[in-house]
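Treat the numbers as computed from the prediction; the structure is a model and nothing was measured. For ligands, and for the atoms within them, numbers begin at 1 and follow the listed sequence.
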Amino acid sequence: MSFSDLGLLPELLRAVADKGYDSPSPIQQQAIPAVLAGRDVLAGAQTGTGKTAGFVLPILQRLAADQGHGTNRAPRALVLTPTRELAAQVAQSARDYGKHMQLRTYQVFGGVSINPQISALRAGCDILVATPGRLLDLAQQRLVDLSKSQRWVLDEADRMLDMGFINDIRKIIKLLPQKRQNLMFSATYSDDIRVLAERLLHDPLSIQVAPRNAPIELVEQRAYRVPKEQKRHLLVHLIQEGQWRQVLIFTRTKHGANRLTQQLEGAGIQAAAIHGNKSQAARVKALDMFKRGQITALVATEVAARGLDIKELPQVVNYELPNVPEDYVHRIGRTGRAGAAGEAISLVSSDESGFMRDIERVLRRSIPILPTPVFKIVESAQPAAHADRGSGERARPQGQHRQQHAQGRDARRAPAAGSGTRSFGRQ
Ligand code: AMP
């Protein structure tokens, strides 16, 4: 199938060709005709499947067809996203796909000054991409009129609910016109999502697609057992010995992300943190530097990293395991994109074995545990003394180090899977 089989306008076909896409992805094949026909859609699809073009292309086409709606340039389509990064990404996609059309896309989110957003909204736009909090702020001050947004998309609905946006979403829905087209995208289906979908959608077309790269096939997954307080030393060893150039590292908390970033920098590894307490400018800068290869490690919390589109990421590290197994699948799904093989490494402390077993149950496979390599424990006086509070490890003077003889073998010589490895599931 080609894009021209989907009934898209020549302007959109040109934009898609400019992007270098050969053929529509499965979600695009199903969503585009349905949205063009005006149907509601409920799609189970995560980042990496091409879902954004799946809703942006037909929305652009429908908006182009409804030109001449009057002089009021209140947004005629609304996309709600859980995070600022995703909002910026979706808005950029809409500009890219709509570059041969006369339609304007604008994005609003918190963490940046509201004034330029107010001015831009006054000037008018056709598609508004927004995070819920800032959008409500603007709506409550009557700075944005959503009564013309007859098409709207709830992107990453599951993440929206996880982040506690349900009340905001309800308030926003009340501001939309009664007669409208509703599109909902969610990577996972919980009961809450089903309830929301039933309330929101009218006779929707349900689409379910597998992640573009099933992580199980394309990502080499492995784990190391390591005491909590030694994780950072092992991580430094893995990055340095493996000469990693680009690694996305997940921590559970914002504070943990900051602390690990400092510790990596202390070990001479260029790193930056990305999480909800960072300003928008800092997050964009960190992501940009990471994409350009100016920093080696991007340390992220789950929520901040959600929806980031980083091409062909070679390495993902679960510095701490997520307690929701599906989050593991999303995290490691960021490697091995576009057919490139990726590697996902989990550092598992004894208190996380239960999480690991849950993950293996969801994946229906075991994750090999590799013998822990010999690594140095280098402690710097300042940050480590602070960082290790409560961990039981005493800080040593700067530069002093000892060696960890875990199993006396180097990771690179360890088998990747099979006989020499163990699994959490089989313990
Ligand atoms: P998304 O799932 O919307 O975040 O898209 C993931 C990535 O896939 C983005 O970098 C898109 O530019 C790319 N993409 C979207 N559709 C296609 C397609 N039909 N062929 C190749 N790449 C695509």
List in chain and number order the residues that pass side chain to side chain donor-acceptor pair (under 3.5 Å) with Arg331, two or more places apart in sequence or in another chain; answer none if no residue qualifies.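 With sequence neighbours excluded, Arg331 shows a side chain to side chain donor-acceptor pair (under 3.5 Å) to Glu302, Asn318, given in chain and number order.
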Would you find more than 12 non-hydrogen atoms of other residues, nucleotides or ligands less than 6.0 Å from Asp191 atom CG?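 Not more than 12 within 6.0 Å, no.
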Is it the side chain, the backbone, both or neither of Phe3 that has a heavy atom closer than 4.0 Å to ligand 1?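 Side chain only.
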Using heavy atoms and a threshold below 4.0 Å, how should the contact between Gln28 and ligand 1 be classified: side chain, backbone, both, or neither?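 Gln28 to ligand 1: side-chain contact only, backbone stays beyond 4.0 Å.
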salt_bridge(Asp126, Arg76) N-O dist < 4.0 Å: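 Yes, charged N to carboxylate O under 4.0 Å.
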Quick one: does [X] get an N or O within less than 3.5 Å of an N or O on ligand 1?
X: Gly50; answer: yes
X: Asp22; answer: no
X: Lys19; answer: no

What atoms of ligand 1 come within less than 4.0 Å of a heavy atom belonging to [X]?
X: Thr52; value: 1 (P), 3 (O), 4 (O)
X: Lys51; value: 1 (P), 2 (O), 3 (O)
X: Ser25; value: 19 (N)

If you measure from each heavy atom of Ser23 to ligand 1, is any distance below 4.0 Å?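 In this structure, Ser23 qualifies as a contact of ligand 1 - some heavy atom is under 4.0 Å.
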Do Gln181 and Arg39 get their side chains close enough for a donor-acceptor pair, meaning under 3.5 Å?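 No donor-acceptor contact under 3.5 Å links the two side chains.
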Does any donor atom in the side chain of Gln107 or Arg95 lie under 3.5 Å from an acceptor atom in the other side chain?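 Yes, Arg95 and Gln107 have a side-chain donor paired with an acceptor closer than 3.5 Å.
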Parallel, tilted or perpendicular: rings of Phe375 and His233 (30°, 60°):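 If you compare the ring of His233 with that of Phe375, the planes turn out parallel.
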Going by salt bridge (Lys or Arg N to Asp or Glu O under 4.0 Å), name the residues that satisfy it together with Arg151, two or more places apart in sequence or in a different chain.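 Only Asp66 meet the salt bridge (Lys or Arg N to Asp or Glu O under 4.0 Å) criterion with Arg151.
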